[in-house]
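If you're wondering where the values come from, they're calculated on a predicted model, not measured in any experiment. Basis for what follows: all heavy atoms, side chains included, without hydrogens, waters or symmetry-related copies.
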Amino acid sequence: MLQSMNTYRQMKNCDMENCAPSHLAYQPLLPTANKYLQQKWDKASYDLHREKVTSTEPTINTRPPKNYAHLSIKLKKLKLEEERKAKIDRENSMLKEKISSIMRTTGGVNSRKFYDKKSLGKEKRQVELLHITKENQMILCRLSQCKPHYNVRKWHEDWLKTLMVMDSIARYPRGRANQQKGQEQPIKKGGDCDKGQKVSAEETTHSHTSRKPSGNDENEEEGLEPAKADMK
């Protein structure tokens with residue numbers, strides 16, 4: 001079929017004036033009984049082929065996507081824009097009327113008057129403040145009436161008992177050292193006069209002891225022994 005098409009093209013390109021009749025110059029690929037009919041059939045098949053080629057559609061769609069109206073024309077945006085313009089026009093008209101009324105008259109506001117400043121939330125703040133103070137007073141009342149869970153007096157009594165037990169089991173009582181310190185301090189505070197008195201007192205004691213008999217010495221030694229026992 002393709003070979004016959006090629007031969008038909010060659011025949012078509014040939015100049016009809018210089019050549020013999022077309023069916024005589026046509027050379028089919030296969031042997032035929034009638035060249036005229038073979039040429040006619042080849043031409044019909046070629047025309048059918050060209051018609052199919054021109055009418056065929058591609059398997060892959062390379063055309064641009066369909067353009068939808070609701071995507072190209074955004075109606076919501078246009079509506080919002082119209083509403084905004086209408087609002088602006090309405091405000092401008094109102095402002096124009098106000099300016100014209102002020103120009104015709106002296107105006108309804110006297111700027112020379114002084115107005116007191118008022119707070120819109122003053123009453124609400126006062127109510128909240130009263131509520132807070134009331135709650136604070138209730139908390140203070142509860143705290144003042146609340147009784148303690150621990151008895152301080154009992155703690156003090158327990159501590160005194162602990163001190164008594166410590167004194168009873170101690171080898172050296174706690175108050176004896178303080179008593180000795182208290183006795184030594186006034187002696188140390190005395191000046192040279194006290195030292196002279198001590199010296200004179202010692203001399204007199206030595207003189208008296210030299211005159212006393214030996215019996216008195218034994219009694220003094222016996223008197224010192226119980227004093228030492230008390231110190232222990």
S.K.: What's the separation between atom OG in S55 and atom CZ in R50, rounded to the nearest 0.5 Å?
M.R.: 11.0 Å
S.K.: With rounding to the nearest 0.5 angstrom, report the NZ to CD1 distance, K134 to I132.
M.R.: 13.5 Å
S.K.: Once you round to the nearest 0.5 Å, how far does CZ of R84 lie from CG of D89?
M.R.: 10.0 Å
S.K.: Rounded to the nearest 0.5 Å, what's the gap from NZ on K124 to OG on S119? Could you check?
M.R.: 11.5 Å
S.K.: Report yes if some heavy atom in the side chain of I139 is under 4.5 Å from a heavy atom in the side chain of L143; otherwise report no.
M.R.: yes
S.K.: Does E123 have more than 12 heavy atoms from other residues, nucleotides or ligands lying within 6.0 Å of its CD?
M.R.: no
S.K.: Within the structure provided, determine whether L37 and T32 are in side-chain contact (heavy-atom separation under 4.5 Å).
M.R.: no
S.K.: For the residue pair Q39 and P28, establish whether any side-chain heavy-atom pair is separated by less than 4.5 Å.
M.R.: no
S.K.: Counting only heavy atoms not in E51, do more than 12 fall under 6.0 Å of its CD?
M.R.: no
S.K.: What pairs of residues pass the ring-ring contact (aromatic ring centres under 6.0 Å, His included) test when at least one of them lies in residues 130-154, not counting sequence neighbours?
M.R.: Y150-W155
S.K.: With the side chain counted from C-beta on, respond yes when L80 and E83 share a heavy-atom pair under 4.5 Å apart, and no when they do not.
M.R.: yes
S.K.: Go through it in stages, so that I can follow the logic: the residues are K79 and E82, the test is salt bridge (Lys or Arg N to Asp or Glu O under 4.0 Å), and I'd like the CA-CA distance, side-chain angles, deciding distance and then a yes or no.
M.R.: CA-CA 5 Å; K79 185 178 180 181; E82 290 177 358; over 6 Å; no
S.K.: Taking the side chain as every heavy atom from C-beta outward, state whether N34 and Q38 have any atom pair closer than 4.5 Å.
M.R.: no
S.K.: Using only heavy-atom distances, determine whether the side chains of N61 and R63 contain a donor-acceptor pair under 3.5 Å.
M.R.: yes
S.K.: So, taking the atom named CG in L78 and the one named CD in E81, what distance separates them when rounded to the nearest 0.5 Å?
M.R.: 8.0 Å
S.K.: CD of E157 to CG of N151: how many Å apart, nearest 0.5 Å?
M.R.: 8.0 Å
